[in-house]
Amino acid sequence: MRSSAAAGTEASAAAPRKPFRLSRGALAALPVGVTLALGFLAPLATVAAYAFATPKTFDVFRSFTFANFAAVFDPSNTVWTSFVWSIGLAAATAALLAVIAYPIAWGLTRVFGRYAGFVSVLFVFPLFVSENVRLYGWTLFFLKNGVLDGTLKLIGLSGPEVLYTPGMILFGMLYVYLPFMLFPMTLGLAMVPRDLVEAARDLGASRLMIWREVELPLAMPGILIGLLLTFVLAVGAVAESKVLGGQSVIVITHDIEIAFTFAQNWPLGSALALLLTAIVSALSLVALSKLDLDRILGRR
Amino acid sequence: MTATATALPAAPATPAPVPPAADAKPILQLVGVRKTFGSFAAVDGIDLDIREGEFLTLVGPSGSGKTTLLRMLAGMEAPSEGVLSLRGVRINDTPSSERPTCLVFQSLALFPHMTVGANIEFPLKAKGVAAGARKERALALLDLVRLPRSYYGKNVMQCSGGERQRVAIARALSHDPEILFFDEPLSALDYKLRKVMEKELKDLHRASGKTFVYITHSLEEAMVMSDRIGVMQAGRLVQVGAPEEIYSRPATRFVAEFMGEVNVIEARRAGGVWRAEGIGELKLIPPPELEGADAVAVVVRPEFLRFVDGDADNRLTGEVFNEYALGSRIQYQVRAGAKTYLLELSRAKAWRGEPGQAATIGWDARDAIVAPLA
């Protein structure tokens, strides 16, 4: 950042000789712009182009057809169930995580005091291990004759048969995405000034009223970011349903993966991906429009 | 009147000539109140009777424990020791929500996501008052704090500093507390607006008839508004009294110095004669409680120090080296030996000499305050 700002100063110093020059701000944004263009826009554009290519070919940029979308929207195609599962599971994950993370976030900002840092590390720690490894760990834990079942058998009981069910997929998602809800939410709660809560209490408000009228609305930006983050990540999740869910449920990301791999139908996979992106973007934009980023960043 | 002035002679125990009678029953009583954080005593034993309907201001430098004291009175902090009672009932452990008091925060603590109206109505909503009645009351309060009624629907964050001040006061009044606490609410305002708000607060106090307890580090602010002033130092109340009493009879050197720029001269008695370094023999009139002392602090306010050609009880010669014009008044700094003295004269009595010249300055014994040295 600083080096690009310095570059900007040099550029303006040498300005008189050059007929065209970028403004200092544009120059500073150049590295980010190039990275975004190459790393984000180019693949996205390629996927978008593939979505309009002839099915089961690699004629990208040379053919244009709506056949892939027609196939997706064909009444005989049941791929919509995958969309429903993905969005449903993601919505459930985000909603449940909001409920689960709120007390923890509240504890981190108000109760744990100097232990808050240690508790935060405990929640970050699982992120150091690959997601797949952790998910296979849960599989081993819940497997027949696995850690839980095997141990319970020693005392004549048996473990619950939860593996390879939609509920287990949800459990895996909650487990994997908890930190992504917890930390934005903690930040949101930390942004609620303590004296506002004290003032509300002083003015005779009950705990419920303080929570509903002061704490929750003021922490809402952080909560919304958490909801958005977990929802977007969970919609794109594939490992949970594959590893913990077996084949009990096919989520849309799994369908996309199949199209790109076994089926070798990149255009269909791209069409599905583009549709998913459109749905998620639309939902995210609605949420973002309710967010006041200036307030979150403390500019106001 | 119970100033905790241990190790110091008590402040003159005459009742202050203020509207709320000194023998009025205290609304809030503090006995031996202490608040410790670890081994540090933020508030170190305070005895104080707050009288019903008075405007009491606690002043002290930052770190003197005044905010902690106020937070205990408001119920946001529990005393570590001592008893806090409201009309004779112990309230040490009563939470702030159940005390008939309200605190106006230094930050004002307005709810930024609510309109002016919603802020003012908040305590009414907490009490379950119907929406119509709430709005009526909020509009009446807007009138009282001199804000236009059209501000009812305005976002509170779009109000100016002075307007927010008024909203915060209106919100506190809508709670209808018996005692209002103020934690330096004017400190963020510019000088002119602060002066206006000081007078308005005093008017509001008179109009509402409620007890106001105000804290500030500005003695000037305290002098303008208060019926009584309590001066705090290191967690203790060193003097409580009417503004005039605090000004003219400071109980300690600290109080005198806190009152503004003063000249402090240390005097010692040897062989029945008071002497000060660099001046020599001093004529002074110690108060009865200091009759036996052998070392005192002589406090001379800048306005009582003057250039003398003729008679003065005490005089010394120094070099005039600085002159500050304060509008209608002029201040001079006079250096004599290692000490610098400050004089303040009206413009009509301005000194006619040049900076750098020697001059004789002096004061009369009756114009000086003799305070304990500590």
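Here is the naming used below: chain letters follow the sequence lines, and residue numbers restart at 1 for every chain. Quick caveat: nothing in here was measured; it's all calculated off a predicted structure.
Looking at B:Leu108, neither its backbone nor its side chain comes within 4.5 Å of chain A, counting heavy atoms on both sides. With a threshold of 4.5 angstrom between heavy atoms, B:Arg171 approaches chain A through its backbone and through its side chain. For B:Lys125, the parts sitting under 4.5 Å from any heavy atom of chain A are the backbone and the side chain alike. For chain A, the nearby parts of B:Phe122 are the backbone and the side chain; heavy atoms of each come within less than 4.5 Å.
Salt bridge B:Glu178/B:Arg99: absent, no basic N to carboxylate O contact under 4.0 Å.
Each of B:Arg137, B:Lys135, B:Arg134, B:Lys127 was checked for a salt bridge (Lys or Arg N to Asp or Glu O under 4.0 Å) with B:Glu121, and the lone residue meeting it is B:Arg134.
One side chain, B:Gln106 or B:Ser187, offers a donor N or O that lies under 3.5 Å from an acceptor on the other.
Aromatic ring pairs are classed by plane angle as parallel below 30°, tilted from 30° to 60° and perpendicular above 60°; the pair B:His113 and B:Phe111 is perpendicular.
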